[in-house]
Amino acid sequence: NKQVRTKAWAKVLETTEEMRALAPDTERSTIAWRFRALIELARDEEAYVCARTAFESVARDDAYALNLIAWTIVDPTAKARPGRDLDLALSIAERATELTERQNAGILDTLATVQFERGSLRLAVDTQEEAVRLAAGREYEGELRERLERFRKALREQGSGRIATR
């Protein structure tokens with residue numbers, strides 16, 4: 001929607017809160033965006049309460065909402081934030097992957113990125129290779145390939161004794 005495209009995060013948060021108040025059954029479809037807005041507004045403590053609620057109950061069976069939350073935590077284009085909960089991101093990404101039976105390239109890409117950020121470089125490369133195979137011929141294949149090359153480079157550097165960085 002326009003609020004997300006224009007990064008009007010305060011308005012996104014307001015809208016999701018209004019929707020939740022007016023129609024509580026919309027929480028499953030809005031909780032991931034509420035999390036993203038809270039993160040963007042640097043309200044991390046509230047954001048992680050929101051993420052845990054999504055993971056533990058509200059969106060536990062919604063692979064796409066879970067994926068958005070995990071991706072928001074590890075998005076390589078976002079500025080690095082201290083206090084990112086990579087353990088929670090891993091649990092959430094693994095659940096989304098399980099729900100899609102490892103058949104969604106975007107969700108596997110998120111899982112690989114979480115693995116990479118946690119320092120599990122070999123696992124990240126293996127998972128990203130799986131994502132690239134599933135993305136073959138799709139418009140986002142190139143982006144996933146670029147990330148795979150970055151993961152492979154970090155793995156090579158780790159093997160040579162150099163430290164891999166974000």
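Below, each value reflects all heavy atoms present in this structure, side chains not excepted, and no hydrogens, waters or symmetry copies. For reference, positions follow the sequence shown, starting with 1. What you see is a predicted model, and the numbers here were worked out from it, not measured in a lab.
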Quiz item: Is any NZ, NE, NH1 or NH2 atom of the basic residue among Arg138 and Glu141 found under 4.0 Å from an Asp or Glu carboxylate oxygen of the other?
Solution: no

Exercise. Examine Leu88 and Leu111 and state if one hydrophobic cluster contains both, with Ile, Leu, Val, Met, Phe, Trp and Tyr joined whenever side-chain heavy atoms are less than 4.5 Å apart.
Key: yes

Exercise. Can you see which heavy atom on Gln128 is nearest to which on Ala112, and at what distance?
Key: OE1-CB, 3.1 Å

Quiz item: Which distance, rounded to the nearest 0.5 Å, do you find between the CZ of Arg43 and the SG of Cys50?
Solution: 10.5 Å

Quiz prompt | In one Ile/Leu/Val/Met/Phe/Trp/Tyr side-chain cluster, 4.5 Å: Ile107, Leu99 | solution = no

Quiz item: Of all heavy-atom pairs between Ala65 and Ala59, which one has the smallest distance, and what is that distance?
Solution: CB-CB, 4.0 Å

Quiz prompt | ILVMFWY clustering at 4.5 Å (side-chain atoms), partners of Val58 | solution = Ile31

Quiz item: Do the side chains of Thr113 and Phe151 get nearer than 4.5 Å, heavy atoms only?
Solution: yes

Practice problem: Show the numbers, then the answer: is there a side chain to side chain contact (heavy atoms under 4.5 Å, CB included) between Thr15 and Val12? | Solution: CA-CA 5 Å; Thr15 300; Val12 170; 5.8 Å; no

Quiz item: Where does the angle between the aromatic ring planes of Phe35 and Tyr48 fall among parallel (under 30°), tilted (30 to 60°) and perpendicular (over 60°)?
Solution: perpendicular

Self-check item: Rounded distance (nearest 0.5 Å) linking atom CG of Leu86 with atom CD1 of Ile92
Solution: 11.0 Å

Quiz prompt | Minimum-distance pair of heavy atoms, taken over all atoms of Thr26 and Arg20 | solution = OG1-N, 3.9 Å

Quiz item: How many angstroms lie between atom CH2 of Trp9 and atom CG of Leu38, to the nearest 0.5 angstrom?
Solution: 11.0 Å

Quiz prompt | Test side chain to side chain contact (heavy atoms under 4.5 Å, CB included) applied to Thr127 and Asp109, step by step | solution = CA-CA 7 Å; Thr127 303; Asp109 176 52; over 6 Å; no

Quiz prompt | Common cluster, Leu41/Trp33, ILVMFWY with side-chain heavy-atom separation under 4.5 Å | solution = yes

Quiz prompt | Glu40 side chain vs Arg36 backbone, donor-acceptor pair below 3.5 Å | solution = no

Practice problem: Mark yes or no: Arg147 above the aromatic ring of Phe116, with NZ or CZ under 6.0 Å from the six-membered ring centre and no more than 45 degrees from the axis. | Solution: no

Quiz item: What are the two closest heavy atoms between Arg84 and Val74, and how far apart are they?
Solution: NH1-CA, 3.8 Å

Quiz item: Linking I/L/V/M/F/W/Y whenever their side-chain heavy atoms sit closer than 4.5 Å, directly or via other members, would Trp71 and Ile39 fall into one cluster?
Solution: yes

Quiz item: In the hydrophobic clustering (ILVMFWY, side-chain contacts below 4.5 Å, transitive), which residues join Leu123, or is it alone?
Solution: none

Quiz prompt | Close side-chain approach of Arg102 to Leu134, heavy-atom, < 4.5 Å | solution = no

Exercise. Report yes if the side chains of Phe55 and Ile69 come closer than 4.5 Å at any heavy-atom pair, otherwise no.
Key: no

Quiz item: Nearest 0.5 Å, what's the CG-CZ distance between Leu155 and Arg150?
Solution: 13.0 Å

Quiz item: Are any non-hydrogen side-chain atoms of Glu14 and Glu17 less than 4.5 angstrom apart?
Solution: no

Exercise. Assess whether salt bridge (charged side-chain N to carboxylate O under 4.0 Å, His left out) is satisfied between Glu98 and Arg95, documenting all intermediate values.
Key: CA-CA 5 Å; Glu98 173 189 320; Arg95 176 68 179 154; 2.7 Å; yes

Practice problem: Applying side chain to side chain contact (heavy atoms under 4.5 Å, CB included), run through Glu149 and Arg152 and close with a yes or a no. | Solution: CA-CA 5 Å; Glu149 289 311 311; Arg152 284 177 173 160; 2.8 Å; yes

Practice problem: Could you please spell out the steps behind the side chain to side chain contact (heavy atoms under 4.5 Å, CB included) verdict for Arg34 and Met19? | Solution: CA-CA 11 Å; Arg34 190 166 67 250; Met19 290 175 69; over 6 Å; no

Exercise. Return the minimal non-hydrogen interatomic distance between Val125 and Leu148, and the atom names on each side.
Key: O-CD1, 3.8 Å

Quiz item: Between Glu157 and Lys153, is there a salt bridge with N-O shorter than 4.0 Å?
Solution: yes

Practice problem: Check Thr72 against Leu68 and note the closest heavy-atom contact, atom names and distance. | Solution: OG1-O, 2.7 Å

Quiz item: Less than 4.5 Å apart, any side-chain heavy atom of Thr97 and any of Leu108?
Solution: yes

